[in-house]
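The block underneath contains the structure these notes are about, expressed in structure tokens.
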Amino acid sequence: MPESSPKCALITGITGQDGSYLAELLLTKGYEVHGLIRRASTFNTVRIDHLYQDPHESGNRLFLHYSDLADGSRLSSLMTQIVPDEVYHLGAQSHVRVSFDEPEYTGDVTGLGTIRLLEAIRQTEIPARFYQASSSEMFGATPPPQGEDTPFYPRSPYGVAKVYAYWVARNYREAYGLFAVNGILFNHESPRRGKTFVTHKITTAAARIKAGLQSELYLGNLHARRDWGYAPEYVVAMWQMLQEDVAGDYVVGTGTDFSVEDFVRFSFEHVGLNWRDFVKTDDRYLRPTEVDSLVGDATKALTDFGWKATVHAEQLARIMVDHDLAEIEARGHVVDQPVVAPWTS
């Protein structure tokens, strides 16, 4: 009997935090993985460089394609070329604060990009299972805890665009019978998180201050509370959703909440520093409309496919700080020296 072909997956946003971890997971499961990257004058593939092989080498199962979520015709042609079994739509303009500065771009890529990809699946009639990366930011001002039936009340252009993408995924599921799921993931971080995001900004600063490479850290709202988990665990939930018999929507979170101040404290305590000696606030980092508290109720994910978070905020902060310290030491800096440098974030 001939061997069955490996499953094929297409990942938008493969160069991001989640995309890189998901690509690793799928490759370990024997998938052929295709990722979309945007054309730029410099490569932004650092998170997946360790996975990439020359496409001429035998046994290569990771392939990258130039594309853009603003180009529907290119998405359709790639769908026909790749013929994926599963599509993981992670690509977006995903920085909440930046979405206030670039609302039109955020709406086009984060919102309309989703319908372009769904249309590519529908028009090519390829029976791919579709994962939409929805966000806890859709809940916004709705009080916690938030579950699958909690009303949305987004408080940013990013949150609004994600609500559009959520509903269009549900609409294509109901109107055309597509296997489309929404993974409503609460905040999830890792050492691969971009350093402009608050968690990695904090852990990087704690490590740099410990090494004497930075003297202050400027932040916005220290009182916002979030449900922080570990990104490698969350991509497992993405994959599990697409293995279910029936498409549905799932909240993924730890069920715990901590303030930004808590995360700062965890990070600085890990390197033996008092955060109050170094952290200052700056109004430029405040959002025009804030989200006070997000806490995910992931009971449905636990019941349906056994997913449960094991890493919570304090352990997460330690993981990220340790990584940032190791990076500094790899560049030849001595981490135990006193804080002397005037550099600020």
Side-chain angles (χ1 to χ4, degrees), residues 7 9-14 16-31 33 35 47-48 84-92 94 114 117 128-139 144-150 152 162 165-166 169-170 173 178-193 197 199 226-258 294-313 315-316 319-320:
K7 275 190 173 182
L10 172 63
I11 304 174
T12 71
I14 193 171
Q17 169 188 255
D18 291 5
S20 66
Y21 284 123
L22 179 62
E24 284 179 353
L25 174 70
L26 296 180
L27 288 170
T28 63
K29 292 182 177 295
Y31 279 65
V33 177
R47 295 184 181 96
I48 56 171
D85 299 292
E86 299 170 2
V87 176
Y88 295 88
H89 180 35
L90 313 183
S94 59
T114 304
L117 192 53
R129 295 189 167 202
F130 178 82
Y131 173 87
Q132 164 59 21
S134 291
S135 168
S136 60
E137 288 289 332
M138 300 188 305
F139 296 118
Q146 294 101 356
E148 290 82 7
D149 297 324
T150 302
F152 299 138
K162 282 292 187 179
Y166 168 92
R170 283 195 58 168
R173 182 169 76 210
L178 268 62
F179 192 104
V181 308
N182 283 289
I184 309 173
L185 273 57
F186 281 63
N187 294 62
H188 48 288
E189 316 294 330
S190 76
R192 296 183 191 174
R193 172 60 89 185
F197 288 78
T199 49
R226 294 293 184 270
D227 181 339
W228 277 300
Y230 189 37
E233 295 186 336
Y234 283 48
V235 300
V236 174
M238 296 178 187
W239 175 79
Q240 288 177 308
M241 290 178 208
L242 290 196
Q243 312 316 307
E244 289 293 286
D245 293 333
V246 178
D249 305 319
Y250 293 91
V251 161
V252 177
T254 70
T256 62
D257 70 316
F258 296 89
L294 297 173
V295 186
D297 178 359
T299 301
K300 183 181 177 185
L302 176 62
T303 301
D304 285 8
F305 47 82
W307 186 90
K308 184 177 182 180
T310 65
V311 177
H312 294 179
Q315 183 182 356
L316 175 62
I319 290 170
M320 294 175 68

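Just so you know, residue 1 is the first one in the sequence shown, and it goes up from there.
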Original post:
Looking only at heavy atoms, which two atoms of A9 and Y88 are closest? And how far apart?
Top reply: CB-CE1, 4.1 Å
**OP:** Give the C-alpha distance, both sets of side-chain angles, the deciding distance and a yes or no for side-chain contact (heavy atoms from CB on, under 4.5 Å) between V181 and Q132.
**Re:** CA-CA 6 Å; V181 308; Q132 164 59 21; over 6 Å; no
Original post:
With a 4.5 Å limit on heavy-atom distance, are the side chains of K162 and E137 in contact?
Top reply: no
Original post:
Do any N or O atoms from the side chain of K29 and from the backbone of E24 form a donor-acceptor pair under 3.5 angstrom?
Top reply: no
**OP:** Return yes if a side-chain donor-acceptor contact under 3.5 Å exists between Y250 and Q240, otherwise no.
**Re:** no
**OP:** Ignoring hydrogens and angles, state whether a donor on the side chain of T12 or H89 is under 3.5 Å from an acceptor on the partner side chain.
**Re:** yes
Original post:
Which value, rounded to the nearest 0.5 Å, describes the distance between W228 atom CH2 and L316 atom CG?
Top reply: 9.0 Å
Subject >> Pairwise distance CD1(I184) to OG(S134) - rounded to 0.5 angstrom >> reply: 5.5 Å
**OP:** Run through V235, L26, I48 and flag the one making a side-chain contact (heavy atoms from CB on, under 4.5 Å) with Y21.
**Re:** V235
**OP:** For Q17 and S190, work out which heavy atoms get closest and say how close.
**Re:** OE1-OG, 2.8 Å
**OP:** Just do the side-chain contact (heavy atoms from CB on, under 4.5 Å) check on I319 and V311 with the steps written out, would you?
**Re:** CA-CA 10 Å; I319 290 170; V311 177; 4.2 Å; yes
Subject >> Point-to-point distance, once rounded to the nearest 0.5 Å, from NZ of K300 to CG of D149 >> reply: 8.0 Å
Original post:
Between Y234 and D18, does a side chain to side chain donor-acceptor pair (under 3.5 Å) hold up when you go through it step by step?
Top reply: CA-CA 8 Å; Y234 283 48; D18 291 5; over 6 Å; no
Subject >> Heavy-atom side-chain contact between D249 and R170 under 4.5 Å >> reply: yes
Subject >> ring-ring contact (aromatic ring centres under 6.0 Å, His included) partners for F258, two or more places apart >> reply: F266
**OP:** Measure the OG-CZ distance between S94 and F197 for me, rounded to the nearest 0.5 Å.
**Re:** 4.0 Å
Original post:
Mind checking whether R129 and V87 have side chains closer than 4.5 Å, heavy atoms only?
Top reply: no
**OP:** Report yes if the side chains of N187 and E189 come closer than 4.5 Å at any heavy-atom pair, otherwise no.
**Re:** yes
**OP:** Show your working on side chain to side chain donor-acceptor pair (under 3.5 Å) between Y31 and E86 and close with a plain yes or no.
**Re:** CA-CA 10 Å; Y31 279 65; E86 299 170 2; 3.0 Å; yes
Subject >> Ring centers of F130, F179 separated by less than 6.0 Å >> reply: no
**OP:** Mind listing the closest non-hydrogen atom pair of W307 and G253 along with its distance?
**Re:** CZ3-O, 3.5 Å
Original post:
Taking all non-hydrogen atoms of both residues, which atom of Y230 and which atom of P191 are closest, and how far apart?
Top reply: CE1-CD, 4.4 Å
Original post:
CG/D304 to CD/Q243 distance, rounded to the nearest 0.5 angstrom?
Top reply: 14.0 Å
Original post:
Under 4.5 Å between any side-chain heavy atoms of F305 and W239, yes or no?
Top reply: no
Original post:
So do the side chains of V33 and L22 get within less than 4.5 Å of each other, counting heavy atoms only?
Top reply: no
Original post:
Where the side chain of R47 meets the backbone of R192, is there a donor-acceptor pair that is under 3.5 Å apart?
Top reply: yes
Original post:
Does NZ in K7 sit with more than 12 non-hydrogen atoms of other residues, nucleotides or ligands closer than 6.0 Å?
Top reply: yes
Original post:
So which of T254, V252, V251, L185 actually passes side-chain contact (heavy atoms from CB on, under 4.5 Å) with D227?
Top reply: T254
Subject >> Contact check, side chains of L294 and P144, non-hydrogen atoms, under 4.5 Å >> reply: no
**OP:** Check for a donor-acceptor pair, side chain of H312 on one end and backbone N or O of T310 on the other, with a separation under 3.5 Å.
**Re:** no
Subject >> Euclidean distance, E244 CD relative to L242 CG, rounded to 0.5 Å >> reply: 9.5 Å
Subject >> Any donor-acceptor N/O pair, R226 side chain to H188 backbone, under 3.5 Å >> reply: no
Subject >> Non-hydrogen side-chain atoms of Q146 and D297 separated by less than 4.5 Å >> reply: no
